[in-house]
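The structure presented is a predicted model; accordingly, all values stated were derived computationally and were not measured.
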Amino acid sequence: EVLMEAKLSENLKAKLLNRYNTQYKIADETFLEWRRWNAKEKVHSIVELTKGMELKKVIDIGCGTGAVIEGLSALDFAQSYYAVDFSEEAIGIVNTIGIKNLRYALVSDAANIPYPDKFFDLAILSHILEHVHQPAFVLKEAARIAKHVFVEVPLEDTPILNFTWILRAVIKRKARNDNIYGHIVYFSRKTIIQLCEELNLTVVKARGYLIGKYGMLFGKRGFWLVYAYLVYLASKLLGYRIFSRIYHSHYAMLLSENDA
């Protein structure tokens, strides 16, 4: 069973890596601007949750196009920035977009990063844990190399989304992890907090929010554009407290290790 699990994990990892390399290889300016727009609220979360902290070295784990640290560097958030991603194409983008005070960007497995213990003041895991088969390993590694960890995930273990994916499985005969977003783990607020506690991590601060109109409608056409707009209207009508529990939201946390 252990060997089978490892093989499934490696097969999934290879499939995702191929998807991401292809995505980043054909990335155009429209795609990069969309990533920058999506990064705005993530950057806001990081700034809000770390307010009052002195941060010199920051690493973005699973950096993608580098939009998050690009946004942070524009605010002079820290003195120096580092980035890792397992996609060579993504790191290629990060090294060419001119991020201020970027010290080093490298290709690396997020669960095995070549830096010493507590080398960084802050490690960022922004919308990464839902993309990895074993999120505990990645979170544990982030906590090893940094004094504090910022985590943000989409909350997708909700009644409406779960029912939607069951219908999709029946009608299209596709597993939930076969999706265009590359999400393979689906969190609720309870399960992401439980994961942190199991790794001896304390939630110092947290915030939740709903996706904005642009993020919901980007790239949609026809029926799906209408559907996305109706979802957006529902989010405005119901508000964060209700909508986040039944459909979808983002949840951000600042974490630190408990004293032994």
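- Here the CZ atom belonging to R189 is positioned 13.0 Å from the OG1 atom belonging to T158, to the nearest 0.5 angstrom.
- For Y251 against A206, the heavy-atom pair with the smallest separation is OH-CB, 3.4 Å.
- Within 6.0 Å of CD in E54 there are 12 or fewer heavy atoms belonging to other residues, nucleotides or ligands.
- Residues E198 and K140 are not paired through a salt bridge, judged by the lack of any N-O separation under 4.0 Å between the basic side chain and the carboxylate.
- A 4.5 Å side-chain heavy-atom check between E197 and I193 finds at least one atom pair inside the cut-off.
- Across every non-hydrogen atom of S108 and P114, the tightest pair is OG-CD, 3.6 Å.
- Within 6.0 Å of NZ in K236 there are 12 or fewer heavy atoms belonging to other residues, nucleotides or ligands.
- In this structure, P135 and L195 have side chains that are in contact, with non-hydrogen atoms separated by less than 4.5 Å.
- Under the 4.5 Å side-chain heavy-atom criterion for ILVMFWY residues, no single connected hydrophobic cluster contains both L237 and I246.
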Could you walk me through whether E156 and H183 pass the side-chain hydrogen bond (donor to acceptor under 3.5 Å, both in side chains) check? CA-CA 10 Å; E156 300 174 305; H183 295 185; 3.0 Å; yes
Checking D60 against V94 for the side-chain contact (heavy atoms from CB on, under 4.5 Å) test, could you report, in this order, the C-alpha distance in whole Å, the side-chain angles of both residues, the deciding distance, and whether it holds? CA-CA 11 Å; D60 189 1; V94 172; over 6 Å; no
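- Between atom CD of residue E33 and atom CG of residue D28 there is a gap of 10.5 Å, rounded to the nearest 0.5 Å.
- You'll find the side chain of L102 reaches within 4.5 Å of the side chain of I69, heavy atoms only.
- When all heavy atoms of I61 and A123 are compared, the pair lying nearest together is CD1-CB, 4.1 Å.
- The two residues G62 and D85 come nearest to each other via the heavy atoms C-OD2, 3.3 Å.
- No chain of hydrophobic side-chain contacts below 4.5 Å, direct or via other Ile, Leu, Val, Met, Phe, Trp or Tyr residues, connects V132 to V107.
- Taking the six-membered ring where the residue is Trp, Y232 and Y229 present tilted rings, their angle falling between 30° and 60°.
- A salt bridge between E257 and K118 is present, with a side-chain N of the basic residue lying under 4.0 Å from a carboxylate O of the acidic one.
- Heavy atoms of other residues, nucleotides or ligands lying less than 6.0 angstrom from CZ of R36 number more than 12.
- Each of I91 and V84 belongs to its own hydrophobic cluster when Ile, Leu, Val, Met, Phe, Trp and Tyr are linked at side-chain heavy-atom distances under 4.5 angstrom.
- Taking the side chain as every heavy atom from C-beta outward, L32 and I93 approach each other to under 4.5 Å.
- Interatomic distance, F120 CZ to I113 CD1, rounded to the nearest 0.5 Å: 8.0 Å.
- Here Y82 contributes atom OH and K57 contributes atom NZ; the two are 5.5 Å apart, rounded to the nearest 0.5 Å.
- Cluster annotation: F137 and L199 are assigned to distinct hydrophobic clusters (Ile/Leu/Val/Met/Phe/Trp/Tyr, side-chain heavy-atom contacts under 4.5 Å, transitive).
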side-chain contact (heavy atoms from CB on, under 4.5 Å) between I46 and V58: does it pass, once the steps are laid out? CA-CA 11 Å; I46 295 168; V58 172; over 6 Å; no
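- A distance of 9.5 Å separates CZ in F119 from CD1 in I145, rounded to the nearest 0.5 Å.
- In the hydrophobic clustering of ILVMFWY residues, with side-chain heavy atoms under 4.5 Å counting as a link, I99 and W37 come out together.
- Within the model, atoms CG of L125 and CE of M253 stand 9.5 Å from one another, a figure rounded to the nearest 0.5 Å.
- Side-chain atoms of T50 never come within 3.5 Å of backbone atoms of M53 as a donor-acceptor pair (strictly under, hydrogens ignored).
- By the 4.0 Å N-to-carboxylate-O rule, R144 lies close enough to D117 to be salt-bridged with it.
- Contact detail for L106 and Y115: the closest heavy-atom pair is CD2-OH, 3.8 Å.
- The minimum heavy-atom distance linking Y240 with S249 is given by the pair CE1-CB, 3.9 Å.
- Crowding of Y214 atom OH: a count of heavy atoms from other residues, nucleotides or ligands under 6.0 Å exceeding 12.
- Using a 4.5 Å heavy-atom cutoff, the side chains of V203 and L255 are in contact.
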Does N101 form a side-chain contact (heavy atoms from CB on, under 4.5 Å) with F77? I'd like the steps, not just the answer. CA-CA 10 Å; N101 295 324; F77 175 75; over 6 Å; no
H250 and I211: CA distance, side-chain angles, deciding distance, side-chain contact (heavy atoms from CB on, under 4.5 Å) verdict: CA-CA 7 Å; H250 290 174; I211 303 173; 3.7 Å; yes
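- Counting heavy atoms from C-beta outward, L49 and V204 have side chains that stay 4.5 Å or more apart.
- Two residues are said to be in side-chain contact when any heavy atoms from C-beta on lie closer than 4.5 Å; F150 and S45 meet this criterion.
- Side chain of D121 to backbone of K56: a donor-acceptor contact under 3.5 angstrom is found.
- At distances below 3.5 Å, not a single donor-acceptor pair connects side-chain atoms of T191 with backbone N or O atoms of F187.
- In this structure, the side chains of C63 and V68 stay at 4.5 Å or more apart for every pair of heavy atoms.
- Checking each of K42, H44, E152 against Y209 for a side chain to side chain donor-acceptor pair (under 3.5 Å) leaves exactly one that passes, namely E152.
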